[in-house]
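Since the structure comes first, as structure tokens, the remarks are kept for the end.
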Amino acid sequence: MAHSGLQILGFTLALLGVFGLIIGTILPQWKMSAFVGSNIITAVSMYEGLWMSCAFQSTGQIQCKVYDSILQLNSALQATRALMVVSIIVCVVGLGVACMGMKCTNCGGDDKTKKSRIALAGGIIILVGALCTMVACGWYTHDIVQAFYNPFTPVNTKYEFGAAIFIAWAGAFLCLIGGGMLSASCPREKSAPSYRSRTPQSNIPLKSHV
């Protein structure tokens, strides 16, 4: 049986990872304008996220615009949005299942083996959610890199990685580590003791028959 401290640590890391996923999904800084042209100093910085695009001016003003139509978005952005939402939902469900299987809770009955299996299931669900985030971030990262090194992309429309995508990556790794710790609650099958019939040896010396 896994120690309860390992379960608490895994649950805490997974919970922090879910907060990171939510923050990363909401923030608009998934990619930011790259200053690679001759005009390095500019008064406006462009940011694009999963739900809106924003313009940060040097005066401190921020102007954001929510995407009007989903059909106008490219496939990478649509897939990233869907995977991030699914990842958050799956990780939250995994946390709920893992909470019922932890030793420090009274949910799930008193059977330790059953609770360990519930914690194992919760850890696996969290791992699936973290995998969805890693696929989403990897797809979006590949799209940014491909557009950046494309010679046909105008210099003033090139983007590089923003802060939100790193927060999403960090949340995915925290969920991955936390789900792995919870998955360590897999109960070990106890080997049944083997009872071998042993004939007691008599201490009476054998008599030799003539």
Side-chain angles (χ1 to χ4, degrees), residues 12-95 125-180:
T12 304
L13 292 177
L15 183 61
L16 293 176
V18 171
F19 286 145
L21 296 182
I22 296 174
I23 295 173
T25 304
I26 295 175
L27 289 178
Q29 290 93 351
W30 275 71
K31 61 181 181 179
M32 56 182 296
S33 55
F35 306 119
V36 294
S38 58
N39 188 15
I40 299 178
I41 301 176
T42 181
V44 180
S45 299
M46 300 298 300
Y47 291 87
E48 289 189 8
L50 302 181
W51 314 99
M52 65 183 71
S53 60
C54 298
F56 289 76
Q57 299 181 4
S58 58
T59 57
Q61 296 180 353
I62 304 175
Q63 295 179 352
C64 296
K65 180 182 179 182
V66 181
Y67 299 135
D68 297 329
S69 176
I70 300 178
L71 300 178
Q72 293 179 353
L73 306 177
N74 55 13
S75 59
L77 183 56
Q78 293 182 12
T80 304
R81 291 173 65 171
L83 286 173
M84 290 302 297
V85 173
V86 170
S87 175
I88 293 173
I89 295 175
V90 171
C91 287
V92 170
V93 172
L95 286 175
I125 295 174
I126 295 174
L127 289 176
V128 173
L131 181 61
C132 292
T133 302
M134 296 179 70
V135 172
C137 293
W139 195 339
Y140 199 88
T141 302
H142 174 73
D143 185 70
I144 295 175
V145 173
Q146 190 176 15
F148 185 86
Y149 289 106
N150 189 356
F152 299 101
T153 302
V155 178
N156 56 351
T157 59
K158 289 188 176 183
Y159 289 88
E160 58 185 0
F161 307 125
I165 194 171
F166 293 106
I167 296 176
W169 274 114
F173 281 113
L174 287 177
C175 289
L176 192 65
I177 297 174

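With a 4.5 Å cut-off on side-chain heavy atoms, Y159 and E48 count as touching. L176 is listed as a side-chain neighbour of M134, based on a closest heavy-atom distance under 4.5 Å. Looking at Y47 and L27, their side chains never come closer than 4.5 Å, going by heavy atoms from C-beta outward. Looking at heavy atoms from C-beta onward, L73 lies in side-chain contact with R81 at the 4.5 angstrom threshold.
Here the CD-OG distance, from Q63 to S53, works out to 10.5 Å after rounding to the nearest 0.5 Å. Distance check: M52 CE to W30 CH2 gives 13.5 Å after rounding to the nearest 0.5 Å. Between the CD atom in E160 and the CE atom in M32 there is a gap of 5.0 Å [rounded to 0.5 Å]. The distance from the CG atom of L16 to the OG1 atom of T12 is 7.0 Å, given to the nearest 0.5 Å.
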List the steps, then state whether side-chain contact (heavy atoms from CB on, under 4.5 Å) holds for W169 with T141. CA-CA 11 Å; W169 274 114; T141 302; 3.8 Å; yes

Assess the residue pair Q146 and N150 against the criterion (side-chain contact (heavy atoms from CB on, under 4.5 Å)); give the C-alpha distance rounded to whole Å, side-chain angles, the decisive distance to 0.1 Å, and a yes or no. CA-CA 6 Å; Q146 190 176 15; N150 189 356; 5.9 Å; no

Does the pair L21 and S87 meet the rule for a side-chain contact (heavy atoms from CB on, under 4.5 Å), with working shown? CA-CA 8 Å; L21 296 182; S87 175; 3.6 Å; yes

Evaluate W51 against T25 for side-chain contact (heavy atoms from CB on, under 4.5 Å), listing each step before the verdict. CA-CA 9 Å; W51 314 99; T25 304; 3.6 Å; yes

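Although no hydrogens or angles enter the test, the distance criterion places a donor-acceptor pair under 3.5 Å between the side chain of Y67 and the main chain of G49. For the pair W139 (side chain) and S75 (backbone), a donor-acceptor distance under 3.5 Å is absent.
With sequence neighbours excluded, the residues forming a side-chain contact (heavy atoms from CB on, under 4.5 Å) with I144 are K31, Y140, F161, listed by chain and number. Applying the side-chain contact (heavy atoms from CB on, under 4.5 Å) criterion to I22, with sequence neighbours excluded, gives V18, I26, I88.
Sorted by first then second residue, the disulfide (SG to SG under 2.5 Å) pairs that include residues 54-88, not counting sequence neighbours, are C54-C64.
Contact record, I126 with C175: CG2-O, 3.4 Å, taken as the closest heavy-atom pair. Contact record, A136 with L83: CB-CB, 3.6 Å, taken as the closest heavy-atom pair. In this structure, T133 and A172 approach most closely via the heavy-atom pair CG2-CB, 3.6 Å. Heavy atoms only, all atoms of each residue included: L50 and M84 are closest at CD1-CG, 4.0 Å.
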